[in-house]
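What follows is a single structure, written as structure tokens, with notes after it.
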Amino acid sequence: MDLLQLRYFQAVARYEHISRAAEELHVAQPALSRTIARLEADLGTPLFDRQGRRIRLNQYGAMFLRHVDRALRELDDGKRALRDARDTGLGRVSVACETLLTITPVLGSFRAAWPRADVRLFQSNAEEMTRQLRVGEVDFCVASQPLTGAGLESVELAREEVLLAVPRGHWLDGRESVTIPEIADEPFVTTRPGHWQRTLLDQLFEAEGLTPQLSCEGDEPAASQVLISVGLGIGLIPAVSRQAGTDTRVPVAWVHLDAPGCHRVLTLVHSRDAYLSEAAVKFRDFITSRPFMTHRLPDLSRDRSRTPA
């Protein structure tokens with residue numbers, strides 16, 4: 001058994017698909033299959049159930065994967081610790097977030113305070129963030145929905161209302177609030193499954209026994225307000241976008257949703273036992289020691305100003 005076998009096994013276990021794992025690892029599919037077969041022979045037990053061309057991680061493979069993940073993470077942490085010890089700077093901090101605009105202000109402030117820190121940023125959905133934490137690809141995730149996984153810890157950063165954004169001139173433009181049944185037939189601009197806006201939209205409609213009508217699905221949550229402003233539909237936008245005054249550049253009208261649970265909770269998530277560089281420790285302390293965003297929600301009943309399109 002060698003390190004290469006373990007990394008190959010980890011990739012195949014993640015995808016449960018030989019060709020996809022081979023593509024990620026940049027190796028030939030037959031060579032990858034032989035490596036997995038040798039590993040199973042060394043261990044004396046099959047790690048996958050094979051059904052034709054499909055493979056599934058079995059109970060022994062799942063058990064072995066937990067130890068492989070931990071062992072490889074320890075090795076990667078050791079390499080990082082050595083690199084940080086050699087560096088004259090503070091080392092690297094890697095952060096994943098569903099939309100980069102959420103974390104841009106705090107990252108700017110952090111870099112201004114610690115210019116020697118090497119910051120690496122990823123844009124990922126919830127499933128990808130969980131994987132990145134598990135394999136040690138990132139130190140932290142700024143998540144808008146719960147991340148599940150063994151050994152993960154989270155700290156709440158902010159809690160804010162989620163508003164309904166509609167195009168100017170829409171029949172809801174000027175309304176104080178609206179219920180889900182009232183907008184059941186409206187086309188929605190939203191994100192693909194896995195992003196928090198889509199999860200929240202589906203939950204709000206499901207609570208009313210309804211299914212949202214979708215006009216646009218994308219992978220960039222920050223683009224939603226632009227698409228709404230040009231009339232492609234309505235959508236869920238966090239209150240911070242209204243507070244930041246982005247409607248002066250992307251004109252939309254804002255409406256409260258009369259629905260329980262229509263809010264977003266931002267959390268900082270990390271793996272409990274993962275190694276943290278000095279830069280990562282300083283980032284954690286920096287982001288948790290001050291307000292992540294303003295908590296003041298807009299008073300839409302008094303703010304009826306209109307911005308020309």
- Item | Val155: hydrophobic cluster co-members (side-chain, 4.5 Å) | none
- Query: Side-chain contact, heavy-atom cut-off 4.5 Å: Val269 with Glu153?
  - Reply: no
- Query: Do NZ/NE/NH1/NH2 and the carboxylate oxygens of Arg192 and Glu220 come within less than 4.0 Å?
  - Reply: no
- Item | Ser124 and Gln132: side chain donor to acceptor below 3.5 Å | yes
- Note on the structure: One should read off an interatomic distance between His67 NE2 and Leu72 CG, to the nearest 0.5 angstrom, of 13.0 Å
- Task: Could you tell me whether the side chain of Thr99 and the main chain of Thr102 form a donor-acceptor pair under 3.5 Å?
- Result: no
- Task: Ignoring hydrogens and angles, tell me if any N or O in the side chain of Glu74 forms a donor-acceptor pair with the backbone of Ala71 under 3.5 Å.
- Result: no
- Might you work through the side chain to side chain contact (heavy atoms under 4.5 Å, CB included) test for Arg54 and His17, ending with a clear yes or no? CA-CA 7 Å; Arg54 302 180 63 182; His17 198 286; over 6 Å; no
- Query: Heavy atoms, side chains only, cut-off 4.5 Å: are Thr35 and Leu4 in contact?
  - Reply: no
- Crowded around Glu206 CD? As in, over 12 foreign heavy atoms under 6.0 Å? no
- Task: Determine whether Leu257 and Leu236 make a side-chain contact, defined as any pair of heavy atoms from C-beta on separated by less than 4.5 Å.
- Result: yes
- Note on the structure: Scanning both residues in full, the closest heavy-atom pair of Glu208 with Pro181 reads OE1-CG, 3.9 Å
- Message: I'd like to know if Arg198 pairs up with Asp202 as an ion pair, taking the criterion as any Lys NZ or Arg NE/NH1/NH2 lying under 4.0 Å from an Asp or Glu carboxylate oxygen.
- Response: yes
- Gap between atom CG of Leu266 and atom OG of Ser144 - 0.5 Å precision: 4.5 Å
- Salt bridge between Arg14 and Glu24, side-chain N to carboxylate O under 4.0 Å? yes
- Message: Would you say that more than 12 heavy atoms from the other residues, nucleotides or ligands in this model lie under 6.0 Å from the CZ of Arg20, or not?
- Response: no
- Donor + acceptor pair across side chains of Gln145, His195 (<3.5 Å): no
- Give the intermediate values and the outcome of side chain to side chain contact (heavy atoms under 4.5 Å, CB included) for residues Leu164 and Val166. CA-CA 7 Å; Leu164 184 69; Val166 304; 4.1 Å; yes
- Does the Gln10 side chain pair with the main chain of Leu65, one donor and one acceptor, at a distance under 3.5 Å? no
- Can the ring centroids of Phe140 and Phe122 be said to lie less than 6.0 angstrom from one another? no
- Correct closest heavy-atom pair for Leu204 and Cys262 would be CD1-SG, 4.0 Å
- Query: So, for Gln5 and Leu39, which heavy atoms are closest and what is the spacing to 0.1 Å?
  - Reply: NE2-N, 3.7 Å
- Query: Given side chains that start at C-beta, do those of Phe283 and Leu107 come closer than 4.5 Å, heavy atoms only?
  - Reply: yes
- Item | Heavy-atom neighbours of Gln29 CD exceed 12 at 6.0 Å | yes
- Query: Is a side-chain N or O of Ser215 found less than 3.5 angstrom from the main chain of Leu232, in a donor-acceptor match?
  - Reply: yes
- Item | Thr130 to Thr148 - nearest heavy-atom pair and separation | CG2-O, 3.1 Å
- Steps toward side chain to side chain contact (heavy atoms under 4.5 Å, CB included) verdict (Phe110, Val93): CA-CA 11 Å; Phe110 175 72; Val93 54; 4.2 Å; yes
- Pairs in or reaching into residues 139-152: which pass salt bridge (charged side-chain N to carboxylate O under 4.0 Å, His left out), with residues at least two apart or in two chains? Arg80-Asp139
- Check: Trp171/Glu186 side-chain N/O donor and acceptor closer than 3.5 Å: yes
- Please tell me if the side chains of Arg175 and His170 come closer than 4.5 Å, counting only heavy atoms from C-beta onward. no
- Message: As an exercise, state the distance from OG of Ser154 to CG of Leu268, rounded to the nearest 0.5 Å.
- Response: 8.5 Å
- Does Asp49 come within less than 4.0 Å of Arg56, counting only side-chain N to carboxylate O? no
- Task: For Glu40 and Leu47, indicate whether the former's side chain and the latter's backbone hold a donor-acceptor pair under 3.5 Å.
- Result: yes
- Query: So how far is it from Trp114 CH2 to Asp285 CG, rounded to the nearest 0.5 Å?
  - Reply: 9.5 Å
- So do Ile237 and Val252 actually touch side chain to side chain, heavy atoms under 4.5 Å? no
- May I ask you to decide whether Arg131 forms a salt bridge with Glu128, counting only side-chain N to carboxylate O separations under 4.0 Å? yes
- In terms of heavy-atom contacts, Ser229 and Pro251 come closest through CB-O, 3.3 Å
- Task: Nearest 0.5 Å please: distance from the OG1 atom of Thr45 over to the CD atom of Gln59.
- Result: 8.5 Å
- Query: Under the 3.5 angstrom rule, does the side chain of Asp118 hit a backbone N or O of Gly91 as a donor-acceptor pair?
  - Reply: no
- Item | Under-4.0 Å salt bridge between Arg134 and Glu127 | no
- Query: Is there a donor-acceptor contact under 3.5 Å linking the side chains of Asn125 and Glu98?
  - Reply: no
- For residues Ala22 and Ala28, report the shortest heavy-atom separation together with the two atoms involved. CB-C, 4.4 Å
- Item | Stepwise side chain to side chain contact (heavy atoms under 4.5 Å, CB included) check, Val265 with Trp196 | CA-CA 10 Å; Val265 178; Trp196 74 267; over 6 Å; no
- Message: Could you check whether any side-chain heavy atom of Ser94 comes within less than 4.5 Å of a side-chain heavy atom of Arg92, counting everything from C-beta outward?
- Response: yes
- Item | Ile36 vs Phe48 side-chain heavy atoms within contact, under 4.5 Å | yes
- Query: Salt bridge check: are Asp76 and Arg7 linked by an N-O gap of less than 4.0 Å?
  - Reply: yes
